[in-house]
Amino acid sequence: MASLTHYIVLSSILFGLGTIGFCTRRNALILFMSIELMLNAVNLMLVAFSNFMGDMAGQVMVLFIFAVAAAEVAVGLAILIALFRHVREVDITRFNVLKW
Amino acid sequence: MDLYFWVFASMSVLAGLFTIAAKDALPSAMGLLTVFIALAALYLHLHAPLIAIFQVAIYAGAILILVVFVIMLLMAPGERLAAIQANVSYRGFGALLGLCLIGLVVVGIKGVSDIVSMKALPEGFGAPSMFGDLFFRDFLLHFEVVSVLLLVALIGGIYLCKKKL
């Protein structure tokens, strides 16, 4: 039986992978997917703690995170499409209108 | 050795690596799909069958389809499918930051797992009926707030996608 530590380490690795992807890629769509990876790592941690503590509130929290992730993706992709109409580009370094 | 855990854990880590390392956005999305499926399998192992179903239906079904749809919309074939990578110094810095974060989280939370002892799970733990009971009684207000959030996101998404903003 995998212990809680196994799940903590797995979740941390996934979260770290998401962070690395977010810091190193410039394609806005891949940045989105990196954020999704981080959200999923947090979900895994919540479900693991919920299981090992015998408390189902963690699972309910995961469902709320699903809803927030859906809202985030809907608005984020809409912003991306609106940006793309202006710049014709998904490389985030070209989105420099607000850059000082 | 828990074979089930190791199979799906390694699968999710490898697919996660593929997600952030793939050259194009579409293979990256397929890597993310694999992560979602592997995590759904792990949820089943953690007595969360309902979350596993939602993971497949909402994440792999709805969210990823939306992402793939936008990839297809924005990145027409032959247009700009070349790799878009940050320069080397940023890449090194980002990788270092991520690795430090992994270490920090592991060290920080590992102590917690000693305190949390494996409790005997109550009868029917993880069953959808128990989930619904908790969800619509203790978390009813949160549920209503989230429905408003989704409505706002819906309106915002439609507004942002208008031709003339």
Side-chain angles (χ1 to χ4, degrees), chain A residues 1-10 12-27 29-30 32-34 36-37 40 43-44 47-54 56-57 59-60 62-64 66-71 73-75 77-82 84 89-91, chain B residues 2 5 9 12-13 16-17 19-20 25 28-29 32 35 39 42-43 46-48 51 54 58 62-63 66-67 70-71 74-75 84-86 90-91 94-95 97-99 101-102 105-106 109-110 113 116 118-119 121-122 125 130-131 134-135 139 142 146 149-150 153-154 156-157 160-161 165:
Chain A
M1 181 70 189
S3 69
L4 181 56
T5 313
H6 288 88
Y7 285 102
I8 287 173
V9 172
L10 172 63
S12 309
I13 289 172
L14 285 178
F15 194 92
L17 281 179
T19 315
I20 293 171
F22 190 81
C23 294
T24 56
R25 301 306 299 264
R26 281 175 13 200
N27 186 333
L29 288 156
I30 293 183
F32 260 104
M33 288 188 257
S34 299
E36 293 303 319
L37 200 57
N40 268 278
N43 282 349
L44 179 66
V47 172
F49 269 100
S50 155
N51 179 56
F52 284 97
M53 293 179 78
M56 276 199 62
Q59 294 190 16
V60 177
V62 169
L63 202 64
F64 289 130
F66 280 177
V68 172
V73 164
V75 173
L77 289 178
I79 290 175
L80 198 61
I81 290 175
F84 186 80
E89 185 69 77
V90 289
D91 182 346
Chain B
D2 191 348
F5 172 81
S12 64
V13 169
L17 262 175
T19 305
I20 64 168
S28 183
L32 196 63
V35 175
L39 286 185
L42 286 176
Y43 292 159
L46 286 167
H47 302 101
I51 298 295
F54 285 148
I58 298 178
I63 292 181
L66 193 63
V67 171
V70 171
I71 290 172
L74 298 189
M75 304 179 94
I84 306 174
Q85 285 273 7
Y90 272 112
R91 251 190 276 180
L97 193 72
L99 291 176
L101 192 71
I102 294 176
V105 174
V106 168
I109 308 190
K110 212 167 161 291
S113 63
V116 177
M118 178 65 190
K119 279 185 190 155
L121 295 177
F125 180 85
M130 197 172 164
F131 185 91
L134 192 66
F135 192 52
F139 291 91
H142 310 63
V146 160
L149 173 77
L150 282 174
L154 187 74
L160 283 170
C161 278
L165 200 61

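Just so it is clear: chains get the letters A, B, ... in the order the sequence lines come, proteins before strands, and each one is counted from 1.
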Next on the checklist: Taking the side chain as everything from C-beta on, heavy atoms only, tell me whether Ile20(B) gets closer than 4.5 Å to Thr24(A).
Outcome noted: no

Checklist outcome for this item: Most contact-rich option vs chain B, by heavy-atom pairs under 4.5 angstrom, among Leu80(A), Val62(A), Val75(A), Leu29(A), is Leu29(A)

Checklist entry - Rounded to the nearest 0.5 Å, what separation is found between the CG atom of Leu101(B) and the OG1 atom of Thr19(A)? => result 4.5 Å

Checklist outcome for this item: On a heavy-atom basis, the closest approach of Ser12(A) and Val105(B) is OG-CG1, 3.2 Å

Checklist entry - Taking everything shown except Phe131(B) itself, do over 12 heavy atoms lie less than 6.0 Å from its CZ? => result yes

Item to check | Verdict with supporting geometry, Leu10(A) and Phe5(B), side-chain contact (heavy atoms from CB on, under 4.5 Å) | outcome: CA-CA 10 Å; Leu10(A) 172 63; Phe5(B) 172 81; 4.2 Å; yes

Next on the checklist: Please report the interatomic distance CD(Glu36(A)) to OG1(Thr19(B)), rounded to the nearest 0.5 Å.
Outcome noted: 11.0 Å

Checklist outcome for this item: Those residues at least two apart in sequence (or on a different chain) that pass ring-ring contact (aromatic ring centres under 6.0 Å, His included) with Phe66(A) are Tyr59(B)

Checklist entry - Mind checking whether Ile81(A) and Leu160(B) have side chains closer than 4.5 Å, heavy atoms only? => result no

Next on the checklist: Using heavy-atom distances under 4.5 Å, tell me whether Ile79(A) contacts chain B through its side chain, its backbone, both, or neither.
Outcome noted: both

Checklist entry - Do you know the tightest heavy-atom contact between Leu134(B) and Ala57(A)? => result CD2-N, 3.7 Å

Next on the checklist: Just verifying a value: how many Å separate Ile13(A) CD1 and Leu17(B) CG, rounded to the nearest 0.5 Å?
Outcome noted: 9.5 Å

Checklist entry - Do the non-hydrogen side-chain atoms of Gln59(A) and Phe125(B) ever get within less than 4.5 Å of each other? => result yes

Checklist entry - Side chains of Phe15(A) and Ile102(B): closer than 4.5 Å at any heavy-atom pair? => result no

Next on the checklist: Quick check for you: to the nearest 0.5 Å, what is the distance between Leu42(B) atom CG and Asn51(A) atom CG?
Outcome noted: 11.5 Å

Checklist outcome for this item: Looking only at heavy atoms, the pair that brings Val47(A) and Ala48(B) closest together is CG1-CB, 3.9 Å

Checklist entry - What is the minimum heavy-atom distance between Ala74(A) and Leu66(B), and which atoms define it? => result CA-CD2, 4.2 Å

Checklist entry - Is it the side chain or the backbone of Leu17(A) that comes within 4.5 Å of chain B heavy atoms, both, or neither? => result both

Item to check | Steps toward side-chain contact (heavy atoms from CB on, under 4.5 Å) verdict (Leu14(A), Leu39(B)) | outcome: CA-CA 11 Å; Leu14(A) 285 178; Leu39(B) 286 185; 4.0 Å; yes

Checklist entry - So do Phe139(B) and Leu63(A) actually touch side chain to side chain, heavy atoms under 4.5 Å? => result no

Item to check | Top contributor to chain A contacts, counting heavy-atom pairs under 4.5 Å, from Leu99(B), Leu97(B), Val146(B) | outcome: Val146(B)

Checklist entry - Taking the side chain as C-beta and beyond, is there a heavy-atom pair between Leu46(B) and Tyr7(A) under 4.5 Å? => result yes

Next on the checklist: Please rank Val68(A), Val9(A), Val60(A) by heavy-atom pairs under 4.5 Å with chain B and give me the top one.
Outcome noted: Val60(A)

Next on the checklist: So, taking the atom named CD1 in Ile51(B) and the one named CG in Leu44(A), what distance separates them when rounded to the nearest 0.5 Å?
Outcome noted: 12.0 Å

Checklist outcome for this item: Leu150(B) and Ala67(A) have their tightest heavy-atom pair at CD2-O, 3.6 Å

Next on the checklist: Counting C-beta onward and ignoring hydrogens, is there a side-chain heavy-atom pair between Val35(B) and Met33(A) closer than 4.5 Å?
Outcome noted: no

Item to check | Greatest number of heavy atom pairs closer than 4.5 Å to chain A - which of Ala62(B), Ala29(B), Ser28(B) | outcome: Ser28(B)

Checklist entry - What closest approach, in Å, do Ala71(A) and Ala153(B) show between heavy atoms, and which atom pair accounts for it? => result CB-CB, 3.5 Å

